[in-house]
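One structure below.
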Amino acid sequence: MPKRSVRDVAVKGKRVLVRVDFNVPIDRGVITDDTRIRAALPTIQLLREREAKIILCSHLGRPKGKVDLQFSMEPVAERLSQLVHTPITLAHAVSGPEAEVAVESLGEGDIVMLDNVRFDPGEEANDPALSERLAKLADIYVNDAFGAAHRAHASTAGVAALLPAYAGLLMESEINALSKLLSQPERPFIAILGGAKVSDKLAVIEHLLDKVDTLLIGGGMANTFLLAEGKDIGKSLAERDLVAKASEIAATAKERGVALMLPSDAVISSSIDGNGNVVAIDQVPGEQAIFDIGPATISTFGKIIAQARTIFWNGPMGVFEKPAFNAGTKGVAEAVAASSGFSVVGGGDSVAAIEQLGLAAKIDHISTGGGASLEFVEGRVLPGIAAIPDEEKK
Ligand code: ADP
Ligand code: MG
């Protein structure tokens, strides 16, 4: 059931509190990646065109419930102001009289940004008192912070119960893309999972086993599955306590007719800073470690990806931060980009890899929420989404 959308509400002259995810990386006061700010522009622009009074609210970093100016929204307000070509007032408060004064001075189409909502300990505690102070600032609530939707906080869940609540355009597009994966995907549906650890992705793997035709596993997490097959993986990163779990997953996959594929070759080295050598997967010497999938695996995975009608990718295939070990991630990224199937990439590092490679435009949906997109694909109910009422039947 679709959520009530910001597109369908009359906002002219109304005070609209918009929860955004402006949790951007900042290095010595400079925003190093403004993707998340840009992602909220469609909602902000829609509200400006429709002459709402816009109140933006976000968290930034982990100030732990205290005012800590290194986590102030000031650089974000400045960047947004450049992007929308309009001055944006920063209220030097999260809520309360100072914020109320800033909101009162808003004209139609104007924007005020509240300061970092995590300056208030009530945010992460989902304190009803903070929800009420936030609700007092506005007539309507819009949640566009998909990246924070897996948290039941005052500004993502609590306040939604106190005001008429709607999904923003980014929230909507995230929900649409991720739902498309989970309900009636076009087949074959291929999931590619990588990254460092099986433990981070266990719930995702288990949920996807019910949905996909093929599961391609690379990255550090493949090592635990290789161990389960009795392979010698030398000094590679692995979670020995999860070997039994990995065997169980492989057995379940077999039972359900899901092809679970592991690397057939690897790029190995004696050190993460060393050069790589390619070996067959059963030839990994005891004192070396696997840092990437090898060329034969890239080719096999690539052919399967090319046949897919639906693709979900999370987690790099190797230590892509090092040029010696980025070929696997690059190869898979290129295959996903070239595919004509519906493709979704989620996860902080996988998305960073796609962007570094300049392939983002060739992916159907790049999720802005790392943790949130994983929880969605795990089949969990995200509190920030649950708090928005479903669209009324027309
Ligand atoms: P995402 O953020 O896309 O969900 P993860 O955070 O789970 O991905 O994993 C990314 C990390 O996994 C990267 O830092 C990468 O270096 C690491 N990684 C991938 N393959 C290996 C490997 N074979 N050995 C060690 N680390 C690996
Ligand atoms: Mg990561």
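Counting starts at 1 for both ligands and their atoms, in listed order. Everything numeric here is computed off the predicted structure, so don't read it as measured data.
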* Asked: Within D200, is some N, O or S atom less than 2.8 Å away from the Mg ion (ligand 2)?
  -> no

* Go through ligand 1 atom by atom and flag the ones less than 4.0 Å from a non-hydrogen atom of G315. => 3 (O), 8 (O)

* **Within residues 118-151 or reaching into it, pairs that qualify as ring pair (Phe, Tyr, Trp, His ring centres under 6.0 Å) - sequence neighbours excluded** => none

* Does some non-hydrogen atom of K201 fall short of 4.0 Å from ligand 1? -> yes

* **Subset of ligand 1 atoms that lie under 4.0 Å from at least one heavy atom of N314** => 4 (O)

* Hey, does G370 sit under 4.0 Å from ligand 1 if you only count heavy atoms? -> no

* Please write down residue, atom name and distance for the protein heavy atom closest to atom 21 (C) of ligand 1. => G220 N, 3.3 Å

* Asked: Numbering the atoms of ligand 1 from 1, which are under 4.0 Å from a heavy atom of E321?
  -> 13 (C), 14 (O), 15 (C), 16 (O)

* For P316 and ligand 1, does the shortest N/O to N/O distance drop below 3.5 Å? -> no

* Asked: Can you find an N/O atom of S350 closer than 3.5 Å to an N/O atom of ligand 1?
  -> yes

* Using a 4.0 Å heavy-atom cut-off, say whether L374 meets ligand 1 through its side chain, its backbone, both or neither. => neither

* Structure fact -> Numbered in order shown, the ligand 1 atoms found under 4.0 Å of a heavy atom of G219 are 20 (N), 23 (N)

* For residues H207 and V377, report the shortest heavy-atom separation together with the two atoms involved. => CD2-O, 2.8 Å

